[in-house]
There are 2 protein chains.
Amino acid sequence: MARRNANGRAAVTISHVAEASGVSRATVSRVVNGNASVKPEIAERVRSEIARLGYEPSPVAQSLSLGRTSTVGMVVPDLGNPTFQSILHGVNQAAASAGYRVLVADSGESDVDEPAIVEDLRRRTDAVIVCSPRMSAESLNAVIPRVVPAVVVNRDEPVPAARVVVDYAAGIVALGRHLVDLGHRRILHLDGPPGSNAQAARAVGLATLAHTYPDLVVLREPCGATIAAGEAAFERARASGATAVIGFNDLVALGLMGRAAEHGWRVPDDVSIAGFDDIPFAHLSRPGLTTVHVALESVGEAAWGALSHQFAEAVGADFRSFTPVLVVRGSTGPALPG
Amino acid sequence: MARRNANGRAAVTISHVAEASGVSRATVSRVVNGNASVKPEIAERVRSEIARLGYEPSPVAQSLSLGRTSTVGMVVPDLGNPTFQSILHGVNQAAASAGYRVLVADSGESDVDEPAIVEDLRRRTDAVIVCSPRMSAESLNAVIPRVVPAVVVNRDEPVPAARVVVDYAAGIVALGRHLVDLGHRRILHLDGPPGSNAQAARAVGLATLAHTYPDLVVLREPCGATIAAGEAAFERARASGATAVIGFNDLVALGLMGRAAEHGWRVPDDVSIAGFDDIPFAHLSRPGLTTVHVALESVGEAAWGALSHQFAEAVGADFRSFTPVLVVRGSTGPALPG
DNA sequence: CTATACTGCGAGATCGGTTTCTCGCGGCGA
DNA sequence: TCGCCGCGAGAAACCGATCTCGCAGTATAG
């Protein structure tokens with residue numbers, strides 16, 4: 001049975017072209033790929049038949065024959081999160097310029113489903129980028145060797161694959177230093193999701209800060225990663241007595257700032273507020289949000305770079321770290337005396 | 001040559017399982033797919049060999065054999081745009097629950113490349129979702145019949161495929177009515193990208209408004225679709241003498257509001273400002289941004305729904321329209337008397 | 001003038017599955 | 001006891017490409 005597309009037209013294959021041109025399939029393949037030498041006269045005839053029939057090679061058949069799909073997979077915990085969207089955008093841009101497509105999978109924040117999703121995706125693609133995996137270190141170490149070439153984004157522990165990370169700890173240290181310089185000695189950090197790698201890194205950075213400045217009091221309060229979480233943390237933030245608050249990310253910080261404005265808690269006169277990520281809206285608030293800029297699209301590009309590197313040579317695990325940079329805007333100011 | 005994965009381990013194929021179990025490949029296939037009858041004893045033996053060898057069928061080979069990839073493609077003008085990210089998220093969610101994956105392609109806002117991208121993507125997938133295509137109506141009408149099943153999102157002219165649209169015109173009318181009710185008689189609309197479908201729909205809505213309220217003056221000013229464009233439009237907005245300004249989207253409106261705050265143009269006392277889309281940040285500004293809510297994830301789900309409908313029966317073009325709803329916040333208020 | 005090299009192309013294997021066709025074998029009715 | 005039916009499983013075709021191998025035919029050297 002001739003395979004037909006949904007139009008009812010039979011799809012035109014290499015055999016049709018071969019028959020129409022009076023040559024073998026091998027020759028058509030040679031003409032299409034331009035590798036071996038074909039007599040110009042025949043090549044021309046084949047080309048004209050290709051044009052007449054509207055032939056295009058089937059990527060699926062090519063994939064099977066070549067053992068290569070020209071596609072890479074990317075697994076993210078939640079496509080709805082702007083962070084992962086930015087990274088995906090970066091990956092997609094870089095991959096597209098190398099003729100690769102990106103297959104996306106959303107693990108729905110499920111740590112147990114993740115290994116299976118990664119493996120399944122890898123079977124359809126030439127490599128996988130595992131972004132901020134929620135799975136345990138053991139699962140990660142078990143699954144990664146089965147799916148190389150692979151790149152892991154935003155996991156701080158070593159894994160048997162290339163790794164691209166954002167140095168959240170350094171970012172939080174830079175931010176803390178800025179606040180200390182402004183005279184703040186009682187700083188509150190609104191924590192993100194407990195299990196997340198980013199949160200663990202923040203905790204490390206905060207500990208470093210506390211160690212560096214003995215007279216600094218670093219408070220922490222469970223919060224979350226959303227605007228709503230930031231809003232909900234308002235009362236606890238005010239009650240903490242901190243003169244400066246760092247949100248887990250910009251969403252949290254902006255949520256908090258919104259509530260502060262409603263309740264007459266002036267920023268930065270009564271309290272300094274800072275965020276993390278430098279999303280496009282961070283500079284739009286009144287006052288503008290002091291935050292830490294993370295070049296997420298570059299992270300995506302770096303992830304692709306690590307993959308293409310593995311395509312070229314079967315080299316093992318390399319490592320790329322992005323250091324965020326402090327962006328000072330109006331939401332942080334001198335601590336109130338006393 | 002045995003195909004090997006990047007680990008150097010030979011990939012285990014159906015032939016290996018067949019040989020290890022002492023049966024034919026056909027029987028292994030039958031066991032895996034559970035279709036035809038296989039003697040329980042043999043089936044069990046095959047299953048245990050599958051488990052022992054860690055066999056999993058190759059999706060690529062299945063795709064070739066079955067003529068089905070269990071993947072749908074989605075083409076967007078710019079993955080960096082939150083609008084498309086939300087739609088993608090909706091599509092991905094819905095497709096995943098039906099066992100389908102989503103292959104994304106970013107056309108880079110290029111109207112000329114789009115048809116080729118769509119066709120290429122379709123060759124790798126079972127269907128395509130073409131989102132806010134920038135290509136001309138002729139190109140669209142030429143390419144769509146070649147790639148069915150297909151769904152076109154956000155194009156108002158009829159196309160030979162299923163269509164999912166957001167009724168931008170109705171949204172702008174609702175917004176305009178709200179402003180008129182507040183006493184505004186001179187309204188400025190900051191236009192979006194000239195070629196875009198959304199912009200054309202806005203123009204239609206604005207014309208309807210002008211026709212409905214004869215004493216209403218509707219001004220338009222070229223602007224764009226970004227925060228920066230909104231900021232850049234500030235001087236022209238103030239010079240226009242309008243008492244209310246509608247941004248092409250929330251980004252534009254928020255950009256404008258930022259500049260207004262800097263220059264002491266009070267919102268909503270001196271000017272009312274409204275946006276479009278109701279992005280998550282719209283309620284965070286001071287005052288909160290009046291806007292029109294568009295259920296983008298539902299749009300994505302509807303696009304998938306239209307596809308799966310076409311998978312089931314080879315039915316032609318159905319149509320889904322989403323009507324945005326007005327969300328009134330603090331950025332719009334009564335017009336100044338006089 | 002023959003032996004050798006090279007060029008251009010086709011036959012056929014291969015990738016890893018699914019599916020149709022066929023065949024052997026056992027049970028059952030006449 | 002013979003023949004028919006049906007079940008279970010293998011052989012082989014097929015999906016649509018790539019690629020190796022070898023065979024003609026021609027050019028070149030000895």
Side-chain angles (χ1 to χ4, degrees), chain A residues 1-5 9-47 49-50 53-71 120 122-124 126, chain B residues 1-5 9-47 49-50 53-70 120 122-126:
Chain A
M1 166 199 62
R3 190 66 44 89
R4 290 168 177 282
N5 69 14
R9 284 185 316 142
V12 32
T13 75
I14 199 171
S15 296
H16 299 138
V17 177
E19 193 175 6
S21 320
V23 299
S24 71
R25 301 188 324 237
T27 298
V28 177
S29 178
R30 281 189 269 257
V31 170
V32 170
N33 296 311
N35 291 329
S37 57
V38 176
K39 195 191 288 183
E41 172 196 326
I42 294 188
E44 194 42 54
R45 179 151 42 96
V46 170
R47 257 188 287 273
E49 284 304 317
I50 287 178
L53 298 173
Y55 165 75
E56 274 182 282
S58 152
V60 174
Q62 283 182 319
S63 295
L64 181 60
S65 188
L66 296 173
R68 184 166 46 78
T69 62
S70 296
T71 302
D120 178 70
R122 174 61 177 82
R123 298 188 66 77
R124 309 173 182 272
D126 300 343
Chain B
M1 167 197 61
R3 191 66 43 90
R4 291 167 177 283
N5 69 13
R9 285 186 314 144
V12 32
T13 75
I14 199 172
S15 296
H16 299 138
V17 176
E19 192 176 6
S21 319
V23 299
S24 71
R25 300 187 326 229
T27 298
V28 176
S29 177
R30 283 189 268 257
V31 170
V32 170
N33 297 311
N35 291 328
S37 57
V38 176
K39 194 191 291 184
E41 173 195 323
I42 295 186
E44 193 43 53
R45 179 150 42 97
V46 170
R47 258 188 287 272
E49 285 303 317
I50 287 178
L53 298 172
Y55 166 74
E56 272 182 284
S58 151
V60 174
Q62 283 182 320
S63 295
L64 181 60
S65 188
L66 296 173
R68 186 166 43 76
T69 63
S70 296
D120 178 69
R122 174 61 177 82
R123 298 188 66 77
R124 307 172 183 273
T125 59
D126 299 342

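Letters go in sequence order (proteins before strands), and every chain restarts at 1.
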Side-chain (A:Arg45) to main-chain (A:Pro40) donor-acceptor, under 3.5 angstrom:
no

Just compare D:dC19, C:dG16, C:dG10 and give me whichever is closest to any side-chain atom of A:Arg30.
C:dG10

In this structure, how many angstroms lie between the P atom of C:dG17 and the CD1 atom of B:Ile50, rounded?
10 Å

Closest to side chain of A:Thr13, choosing from D:dT18, C:dG17, D:dA17
D:dA17

Starting from the 5' end of DNA chain D, give me the residue, B:Lys39 or B:Arg123, whose nearest nucleotide shows up first.
B:Lys39

Counting only non-hydrogen atoms, which of residues 18-26 of chain A are less than 4.0 Å from DNA chain D?
A:Arg25, A:Ala26

Give the nucleotide from the list D:dC15, D:dT18, C:dT19 with an atom nearest to the side chain of B:Leu66.
C:dT19

Whole-Å distance, A:Arg68 CZ to C:dC15 P, equals 17 Å

Take atom CD1 of A:Ile42 and atom P of C:dT7, then tell me their distance rounded to the nearest Å.
16 Å

Should the side chain of B:Ser58 and the base of C:dG16 be counted as holding a donor-acceptor pair, with the cut-off at 3.5 Å?
no

Could you check whether atom CD of B:Glu19 has more than 12 heavy atoms from other residues, nucleotides or ligands sitting under 6.0 Å from it?
no

Classify A:Glu56 by what it touches in the nucleic acid, base, sugar-phosphate, or nothing, heavy-atom distance under 4.0 Å.
sugar-phosphate

Quick one: does any side-chain atom of B:Asp126 pair with a main-chain N or O of B:Arg68 as donor and acceptor, under 3.5 Å?
no

Describe the nucleic acid contact of B:Val60 in one word from base, sugar-phosphate, nothing, applying a heavy-atom distance below 4.0 Å.
nothing

Could you tell me the separation between the NE2 atom of A:His16 and the P atom of D:dA17, rounded to a whole number of Å?
10 Å

Round to a whole Å and report the spacing from CD of A:Gln62 to C1' of C:dG16.
17 Å

Atom CZ in A:Arg30, atom CZ in A:Arg25: separation rounded to 0.5 Å?
12.0 Å

Nearest-Å distance for atom pair CD/P, residues A:Glu44 and C:dC9:
13 Å

Reckon A:Thr27 has a side-chain N or O less than 4.0 Å from the OP1 or OP2 of C:dG10?
yes

A:Asn33 CG to D:dC19 P, straight-line distance once rounded to whole Å:
7 Å

Test item: B:Ser21 side-chain N/O and B:Val17 main-chain N/O as donor-acceptor pair under 3.5 Å:
yes

Whole-Å distance separating the CZ atom of B:Arg124 from the C1' atom of D:dA17
14 Å

Which nucleotide sits closest to the side chain of A:Pro57: C:dT18, D:dC19, D:dA17?
D:dA17

Between the main-chain N or O of A:Thr69 and the side-chain N or O of A:Thr71, is there a donor-acceptor pair closer than 3.5 Å?
yes

Heavy-atom distance under 4.5 Å between the side chains of B:Val60 and B:Leu64, does that happen here?
no

